[in-house]
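Here's the structure, in structure tokens; my notes come after.
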Amino acid sequence: MDLLSFYNNSGIAHLEWLNLVMIIIGILFIYLAITKDYEPLLLVPIGFGVIVGNIPPIEGMPLSVYAEGSVFYYLYLGVMKGIYPPLIFLGIGAMTDFSTMLSNPKLILLGAAAQIGVFLTFIGSLFLGFTPEQAGAIGIIGGADGPTAIFLSSMLAPELLGPIAIAAYSYMALVPVIQPPIMYLFTTKKERIIHMKPPRQVSKKEKIIFPIVAFLICGLIAPGSMTLLGMLFFGNLLKESMVTERLANTARNSLIDVVTILLGFSVGASTQAQTFLTGQSILIFILGAASFVVATTGGILFAKIMNLFLKEKINPLLGAAGVSAVPDSARVVHAVGLKEDPTNFLLMHAMAPNVAGVIGSAIAAGVLWSALGKF
Amino acid sequence: MDLLSFYNNSGIAHLEWLNLVMIIIGILFIYLAITKDYEPLLLVPIGFGVIVGNIPPIEGMPLSVYAEGSVFYYLYLGVMKGIYPPLIFLGIGAMTDFSTMLSNPKLILLGAAAQIGVFLTFIGSLFLGFTPEQAGAIGIIGGADGPTAIFLSSMLAPELLGPIAIAAYSYMALVPVIQPPIMYLFTTKKERIIHMKPPRQVSKKEKIIFPIVAFLICGLIAPGSMTLLGMLFFGNLLKESMVTERLANTARNSLIDVVTILLGFSVGASTQAQTFLTGQSILIFILGAASFVVATTGGILFAKIMNLFLKEKINPLLGAAGVSAVPDSARVVHAVGLKEDPTNFLLMHAMAPNVAGVIGSAIAAGVLWSALGKF
Amino acid sequence: MDLLSFYNNSGIAHLEWLNLVMIIIGILFIYLAITKDYEPLLLVPIGFGVIVGNIPPIEGMPLSVYAEGSVFYYLYLGVMKGIYPPLIFLGIGAMTDFSTMLSNPKLILLGAAAQIGVFLTFIGSLFLGFTPEQAGAIGIIGGADGPTAIFLSSMLAPELLGPIAIAAYSYMALVPVIQPPIMYLFTTKKERIIHMKPPRQVSKKEKIIFPIVAFLICGLIAPGSMTLLGMLFFGNLLKESMVTERLANTARNSLIDVVTILLGFSVGASTQAQTFLTGQSILIFILGAASFVVATTGGILFAKIMNLFLKEKINPLLGAAGVSAVPDSARVVHAVGLKEDPTNFLLMHAMAPNVAGVIGSAIAAGVLWSALGKF
Amino acid sequence: MGFHNLTQPGLDALQFSLMGMGLVFGGLLIIAIYITLLPRLLKLNQSKPQQVKTSENTSSGEEEEILLAIATALHLHNNFPDGDERITWKSHGDMESPWLVSGRMHSLNSRKQTNPWNH
Amino acid sequence: MGFHNLTQPGLDALQFSLMGMGLVFGGLLIIAIYITLLPRLLKLNQSKPQQVKTSENTSSGEEEEILLAIATALHLHNNFPDGDERITWKSHGDMESPWLVSGRMHSLNSRKQTNPWNH
Amino acid sequence: MGFHNLTQPGLDALQFSLMGMGLVFGGLLIIAIYITLLPRLLKLNQSKPQQVKTSENTSSGEEEEILLAIATALHLHNNFPDGDERITWKSHGDMESPWLVSGRMHSLNSRKQTNPWNH
Ligand code: NA
Ligand code: NA
Ligand code: NA
């Protein structure tokens, strides 16, 4: 127990510059969350987790998320076993109001179109030499849905979970930066100023029946989406049934908060530079960026195609909201719309493709999982 | 990966009409919860769980509660290991006010009498050929206490947990339908209009000491009831001690809500038609119905027997509240009493046998467990 | 299944007078918590846990925390695996305001000085024949920090966790009794009436940056403290970042409450007389008392030493707050200060060494763990 | 199926059930006795005057009943996670809610008698 | 790396992706159809008058749009754990918060129509 | 039992303890130094005027002390799960509670300086 052994038991002794890079990235996440308000509820936990995960642990001591028996290992189990994402979906369901979608079914298809980003990225990943399982997990980044991405990669390619999760959340946070240029590129001013008809009011009855029927449809078509969508629609039923408000309340507050804290922190803590800063990760970030661009484009173009057949034209900006990244992309659509015409309020209409996009990417995840998973 | 394999990976391909029956039952639960207000906090989660559990999962994929490693499997562990029920008892303890019981000790015995339903059902189940363990688990349905029933069956007969839990909660929800006829059958108008003396006020000191002493008595008599009653009285002490209000508050809100969501959902999801719709289940439902009738009758008749010896007569309707099913049966007693005499307020008096019934069935469960369990 | 076997399955049959002693101790804890307001949020759960843990369980039945597969066993896992303490630190971080410490850095050193209690107790324990691992776990009682003590003993000497945890919390609760005499013994009236300069206001920016930098410093110096301090500073960042208030709110309310309930109860339930009432435990309680005395003395004397070099004298009473036991010892300092001079408000100043003491003992725990742990 | 199932090796169902009921009754009976004796142990006499009042004056007794019934109803509404969701929920969102007021009164009471050991 | 990766034993990536997109579209399309049909099944006609109103009167339609936009914004502010923390948080601590008021109104509405099955 | 226990193979208890205390002091000392330097790095000068005020005017300084002491007490009451339950709890149920008011003020402050990076 001399000075040297004390030094060897310290973190400085083992700190590599790669760890420093990651620590700076973690701090950057926190900085962006606080100053730019980018998805702070996720970037702050992830960012601090990245810092913690890059303090070199002592050889053989149960400290890191990868050291079996450590506390962080147990917290990370909720990620590896795919338990946190469905619980977050439960809370999201309990805070999501589907009425705009119920009042404007046409817009749902935009949420489907945006999933082209998932499958083209899947193909691109295969092309770049990833295994089918890995390609599926990378593709889902295009779903722009953090929990879905984490869930699918924990099932298909746990070895890539870190980079996939970080990529997904980074780009979700950057939606206000990524989407607008694409929106301007593919739409004309004339299209951007299209007003949408105010939707009809939705009855309580419709709202209560919806989660049940929607789950049956999705579950029967793609049982692989049962875990995520079962929880999403369960949460929504708790919200709409009116007789379980206290459960919905806990699901969308205490429960989702606790799970968000643990998920964000432990995902961040899993990004040790030595395993995280690899060529694969860089490829994943490139593919992820591409998937967001493709998804946004897909949504917009499909809206324009629909307009060829519709009397009442859709504002193609709404297509960009199909990417989900709820509710950020809907906000972006609203902002861009307002810039063109200060009397054009798209926020509410954008929520329809937005939530449809969540369902869409969950179905896509179910399909990829059931087709590519090894059972 | 051709169309056929896609079809085979879908749920429709494997959906049997038995699953449809269960799905309809699940929807029925939700409908009753919303329109009739029958135990909605349990029937809604159970109902949706039933729907989820009857979407045919893909062969070998970790989806259902029975597929090791699936998310639902992990959520269901809290049921199989008997962890959720004591936590719910913790919350119930933190929301239960024992003062009406403390102010009227005589009525406690009604909560004991009603447990005759447990033991007669136990004998009936043996008679019908169930094993002693199974018979014990089925008998506890007569305790009219969901968590107790789930706890005991997870310990004695996990293979019957689904039907027993569903039966217990269904009949608890149907208490307003089951009990009144029996109450009218066994009581005269003259008895039903008996007024109870307003109880004395209970001092804070009595309330604080009660959970400790009550636990010692029950624990020393039937250690098998330690897990459930330890938590129940612990929660009550948190409530009454006045210095731990914030803990009691969390126990009776966030904590019990989260556990209720997970317990209800996963119990529901465990009712896959193929394993659930069996002759045994039908027998269990018949025995369960009988146990509620016997328990109610036992409580009422015992009250009438007590009246033979008491100067101050007890309103025998209160006996029906001994079944627990807190607080529904107490409400039913109150309602029936009001119908006879609009100035007769039995609700508060009924709470005494009602909570005593919870303790009684927990003791019964402890006895059955310690005597019939294989260790 | 005759009367005898029923009797043998009861608790009375196996109750030993040692259990009675423990049950009385449990009741005493609850009594002190309610009447004297000593750490009620911990003494009430621990006290009731002690009562539950000393009801003799039935041979071979999964009831006690030590019976694998029992519910209490699963709740106790959070203690044995060291999971609860970091979660409590997360909540504490989310409720701690470091600004007084930020505005008066000098006082931080008092929190370091008090840790002498940890290491002298470590030496004392070795002297009395405890193994190095055990000695380290016992020493940390001097940290006056329940979660830290539980965490370290679960890692170094799980066999002593019960007595160490009970000793730590008992003495933390008795801080208002233990510290004042020592404070009067080692300080002159002239010293006790020293007024502290009101601290400068701390900017939001400082508060946000602090948890990140402080964690990096501690983590790099003593990675073994990463688990506890990572969570502590993570919680504090959630609090200060302003954009994650809802997470901080859940962390310092629902989350910490649930964990406190489970930790207190299961630690209490682990104190079965047969394993708890040993000579070792008595030694541990003596050593624990000594450690609190040494820590308090160390803090006070170090403050007096600092005064030899400082123009602006420190009130040496503040040294006693370095023991942490947040916020009790700070309150004691405040009270003693007021008694000498009703215009001398030390509470806020005392919070600085108080929270510094938490960090200090976490570092000490990290050092002891990494040096003495078997990996 | 049949009565022979009621007597199995190591288990006489009827005897066992009798003993089981015995334990249930025993436990709750002891609790009932304890509850009856405790007040005398604690020498609580604040209960007597009230009983006198109610015996001499039935109408006020009825009022009391009504009040107590309402109190219990409130207690159930506030505390029990049962069907009365709209109300429970209201008591979260709506600040003018009567339940909340009652809650406030309750808190005042318990504040009046902070330390239950010295009154 | 290369196109050969797109056709592997048991997996034709392009065909698979097409079918995958097909399922996604299929699922959401069925949901869309269901949503379109349901109101007729439920014979809900409370929507029509409103649409008439908006068609005959655009200005009020615009106002409506604004109101609805505000409502949605409120909904997002209140429910979504997104960046608008200061507001979400305010709605906890601060009782005069406008969001809360809206929340109260919302609760009133839903109280008006307690049982959704009989209106 | 005995001093021989203090020197065991691979562990010299006294030396180890000294180094341990060294690390504890080292860590907290570096933190203290960092805290002392940071404000200068951030060029915060909003602190100076205050110190001037207190030095020239002791009475106001005392008042300030009192206010700060109260503020800290409030902070402890509101945040720490310690014995002051009745109060903590009150701040849940009771809307007129002074703590709540202070909380509201606090929230107002932090709203004034939304982005800490540009003030
Ligand atoms: Na999506
Ligand atoms: Na019962
Ligand atoms: Na300390």
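These numbers come from a predicted model, not from an experiment. Naming convention: chains lettered A, B, ... in sequence-line order (proteins, then strands); numbering from 1 in each chain. Below, all heavy atoms of this structure are taken into account, side chains as well, without hydrogens, waters or symmetry copies.
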Legend entry - Test ring-ring contact (aromatic ring centres under 6.0 Å, His included) applied to B/Tyr38 - qualifying residues, sequence neighbours left out: none
Inset, instruction - Working to the nearest 0.5 Å, report the span between CD1 of B/Ile123 and CG of D/Leu14. - result: 4.5 Å
Inset, instruction - Examine whether an atom of D/Phe25 lies under 4.5 Å from a heavy atom of chain B, and if so say whether it belongs to the side chain, the backbone or both; otherwise answer neither. - result: both
Inset, instruction - To the nearest 0.5 angstrom, please state how far the CE atom of B/Met101 sits from the CD1 atom of D/Ile35. - result: 4.5 Å
Inset, instruction - Heavy-atom distances under 4.5 Å only: say whether B/Leu368 touches chain D with side chain, backbone, both or neither. - result: both
Inset, instruction - Determine, step by step, whether D/Ile31 and B/Phe210 satisfy the side chain to side chain contact (heavy atoms under 4.5 Å, CB included) criterion, reporting the C-alpha distance in whole Å, the side-chain angles of both residues, the deciding distance to 0.1 Å, and the verdict. - result: CA-CA 9 Å; D/Ile31 290 179; B/Phe210 171 71; 3.9 Å; yes
Inset, instruction - Under 4.5 Å, counting heavy-atom pairs only, tell me which of B/Ala356, B/Pro132, B/Ala222 racks up the most with chain D. - result: B/Pro132
Inset, instruction - Measure B/Ala364 against the heavy atoms of chain D and call it side chain, backbone, both or neither at under 4.5 Å. - result: both
Pairs under 3.5 angstrom only: tabulate donor-acceptor contacts from the side chains of residues 102-121 of chain B to other protein residues two or more places apart or in another chain.
| residue | atom | partner | partner atom | Å |
| --- | --- | --- | --- | --- |
| B/Ser103 | OG | B/Ser99 | O | 3.3 |
| B/Ser103 | OG | B/Thr100 | O | 2.8 |
| B/Gln115 | NE2 | B/Gly111 | O | 2.9 |
| B/Gln115 | NE2 | B/Gly357 | O | 3.4 |
| B/Thr121 | OG1 | B/Gly117 | O | 2.4 |

Legend entry - Which atom of D/Gly26 lies closest to which atom of B/Ile221, heavy atoms considered: C-CD1, 4.2 Å
Legend entry - Region of B/Phe215 that comes under 4.5 Å of a non-hydrogen atom in chain D: neither
Legend entry - Top of B/Thr260, B/Leu346, B/Leu128, B/Leu42 for chain D proximity - count of heavy-atom pairs under 4.5 angstrom: B/Leu128
Legend entry - Residue B/Phe127 versus chain D: region with a heavy atom under 4.5 Å: both
Inset, instruction - For residues D/Gly27 and B/Ile217, report the shortest heavy-atom separation together with the two atoms involved. - result: O-CG2, 3.8 Å
Legend entry - Pairwise side-chain contact, D/Phe16 with B/Val367, heavy-atom cut-off 4.5 Å (strictly under): yes
Legend entry - Nearest heavy-atom neighbours spanning D/Leu28 and B/Gly360: CD1-CA, 3.9 Å
